[in-house]
Amino acid sequence: MSALLASDADDRPLVGPVTVNGREIPQTQIYAEMQYHPADTSREAIYAAARALVLAHLLRERAFECGLCEKDIDIHSEVFDAAVERLLEREVPQVDPTQAQRYDYYTEHRQRFTSKPLAEVRHILLLVKPGEKAAQERQRKFAESLLEDIRKAPDPLLRFAELAHRHSDCSSRDAGGSLGQVGPGDTVAPFEEAVFAGEIGLMQSPVRTKYGWHLIYVEQLEQGRPLDFSYVEKNIDRYLREKLRRQMIANYLNDLVRSADIGGIRLLN
């Protein structure tokens with residue numbers, strides 16, 4: 001069945017046999033339909049399934065009236081889905097967002113339209129396997145000693161790279177611990193949080209992740225910057241166009257419900 005017929009979970013009960021223009025939808029069909037509408041409770045799933053079936057029957061009736069499908073076509077078939085798509089293209093107007101609407105959305109959601117932060121990072125990984133408590137403490141102390149070594153060096157970055165090559169348990173040791181540029185989602189959460197905290201240079205404390213202890217040196221850091229409206233306007237237009245389309249389809253379905261004789265279920269507030 002078309003995804004357009006899916007509904008949000010609803011706790012309103014069925015009040016009797018579900019009928020559409022005098023035609024009853026058997027309970028067996030409603031129960032079978034429930035598999036397509038997972039919900040927190042069976043009550044919600046039953047309602048969602050019944051609602052979807054009612055809307056499917058209404059759309060099938062309308063599509064048949066328009067000569068787009070057979071009268072009793074299977075509402076779970078691809079042919080039915082195609083007929084529904086043609087029906088909606090024919091009867092639901094496409095509304096295009098205006099530039100003012102696009103710009104209003106941009107100004108109201110500025111936080112969404114920023115470039116992702118990037119950092120040039122080196123690290124030294126001192127591996128600790130899960131459950132090795134003794135190794136955990138031993139590697140922490142070793143990490144502290146390496147930090148002190150790096151702090152005292154005339155050229156901390158050079159010393160960091162040397163120690164990474166000698167001690168790191170990451171393959172990046174061959175590049176002096178360099179991970180290159182990293183952005184959000186490229187590393188595990190504790191590592192990422194430390195990197196993008198805003199400090200450039202050697203981090204003053206080891207960072208613990210599920211892999212072990214890390215010494216981190218941030219060579220360069222560029223926080224996310226606001227993107228110009230012209231850069232994101234097409235994406236906003238695409239989003240708003242889809243949002244308006246769904247609203248128009250919802251209005252169309254409500255109109256079908258209002259004009260039909262439906263029993264056993266309440267679909268409109």
Side-chain angles (χ1 to χ4, degrees), residues 1-102 104-105 108-109 236-269:
M1 186 185 298
S2 172
L4 292 168
L5 305 184
S7 68
D8 295 332
D10 196 306
D11 199 33
R12 288 174 289 188
L14 309 184
V15 296
V18 178
T19 60
V20 180
N21 293 327
R23 184 175 182 178
E24 182 175 348
I25 300 177
Q27 285 188 348
T28 53
Q29 289 186 16
I30 295 174
Y31 293 146
E33 180 70 17
M34 287 172 62
Q35 65 182 303
Y36 304 110
H37 305 275
D40 292 336
T41 67
S42 59
R43 181 185 179 92
E44 293 172 345
I46 290 171
Y47 178 86
R51 176 185 185 276
L53 289 173
V54 168
L55 294 177
H57 278 68
L58 292 175
L59 286 166
R60 181 170 63 183
E61 287 182 4
R62 182 58 185 158
F64 171 70
E65 291 172 0
C66 296
L68 299 176
C69 70
E70 298 298 324
K71 184 175 183 179
D72 290 316
I73 190 172
D74 182 1
I75 60 177
H76 293 98
S77 67
E78 292 183 2
V79 177
F80 171 72
D81 288 347
V84 169
E85 291 296 332
R86 292 196 300 273
L87 178 67
L88 296 178
E89 288 175 5
R90 171 175 170 170
E91 302 208 322
V92 179
Q94 176 66 57
V95 179
D96 298 327
T98 65
Q99 185 178 50
Q101 288 175 314
R102 293 193 292 269
D104 286 345
Y105 186 85
E108 291 168 6
H109 301 86
I236 294 173
D237 181 80
R238 191 178 304 113
Y239 169 78
L240 291 180
R241 190 182 299 271
E242 178 62 22
K243 184 178 180 180
L244 288 169
R245 178 67 175 168
R246 287 187 175 276
Q247 184 58 57
M248 294 296 291
I249 290 173
N251 293 341
Y252 176 75
L253 293 175
N254 285 338
D255 288 343
L256 287 181
V257 170
R258 290 189 186 95
S259 62
D261 180 12
I262 297 172
I265 184 173
R266 182 163 59 89
L267 298 183
L268 298 174
N269 292 324

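Basis for what follows: all heavy atoms, side chains included, without hydrogens, waters or symmetry-related copies.
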For a salt bridge (charged side-chain N to carboxylate O under 4.0 Å, His left out) check, start with the C-alpha distance between Arg23 and Asp72, then their side-chain angles and the critical distance, and finish with the verdict.
CA-CA 12 Å; Arg23 184 175 182 178; Asp72 290 316; 3.1 Å; yes
Evaluate ring pair (Phe, Tyr, Trp, His ring centres under 6.0 Å) for Tyr47 paired with His37, printing each intermediate quantity in order.
CA-CA 9 Å; Tyr47 178 86; His37 305 275; over 10 Å; no
Under the side chain to side chain contact (heavy atoms under 4.5 Å, CB included) criterion, do Glu70 and Phe64 qualify, and how do the steps go?
CA-CA 6 Å; Glu70 298 298 324; Phe64 171 70; 5.5 Å; no
Quick one: do Val257 and Leu55 satisfy side chain to side chain contact (heavy atoms under 4.5 Å, CB included)? Show the steps, please.
CA-CA 8 Å; Val257 170; Leu55 294 177; 3.8 Å; yes
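Taking 4.0 Å as the cut-off between side-chain N and carboxylate O, Glu242 and Arg246 count as a salt-bridged pair.
Phe80 contributes atom CZ, which lies 9.0 Å from atom CG of Asp74 (distance to the nearest 0.5 angstrom). Summarising the geometry, atom OG belonging to Ser259 is positioned 9.5 Å from atom CD belonging to Glu61; distances are rounded to the nearest 0.5 Å. The CG atom of Leu59 sits 10.0 Å away from atom CD1 of Ile75, with the distance rounded to the nearest 0.5 Å. Between the CD atom in Glu91 and the CG atom in Leu68 there is a gap of 8.0 Å [rounded to 0.5 Å].
Using modelled atom types, one side-chain atom of Arg102 and one backbone atom of Pro97 make a donor-acceptor pair closer than 3.5 Å. Without hydrogens or angle criteria, Asn21 side chain to Ala260 main chain gives no donor-acceptor distance under 3.5 Å. A donor-acceptor contact shorter than 3.5 Å links the side chain of Arg245 to the backbone of Val92.
In this structure, the side chains of Leu87 and Cys66 come closer than 4.5 Å at one or more pairs of heavy atoms. Using a 4.5 Å heavy-atom threshold, the side chains of Val54 and Ile262 count as touching. Between Ile25 and Thr19 there is no side-chain heavy-atom pair separated by less than 4.5 Å. Inter-residue side-chain proximity for Glu33 and Ile30 is flagged as unmet; no heavy-atom pair is nearer than 4.5 Å. Here the side chains of Met248 and Gln94 are not in contact, with every heavy-atom distance at 4.5 Å or above.
The heavy-atom pair separating Arg258 from Asp255 by the smallest distance is NH1-OD1, 3.1 Å. The two residues Gly264 and Val18 make their nearest non-hydrogen contact at O-CG2, 4.2 Å. Nearest approach of Leu244 to Val95, heavy atoms of both residues: CD1-O, 3.8 Å.
Dense packing is recorded around CD of Gln101, with more than 12 heavy atoms of other residues, nucleotides or ligands lying under 6.0 Å away. Heavy atoms of other residues, nucleotides or ligands lying less than 6.0 angstrom from CD of Glu78 number 12 at most.
Ring pair Tyr105/His109: centre-to-centre distance below 6.0 Å.
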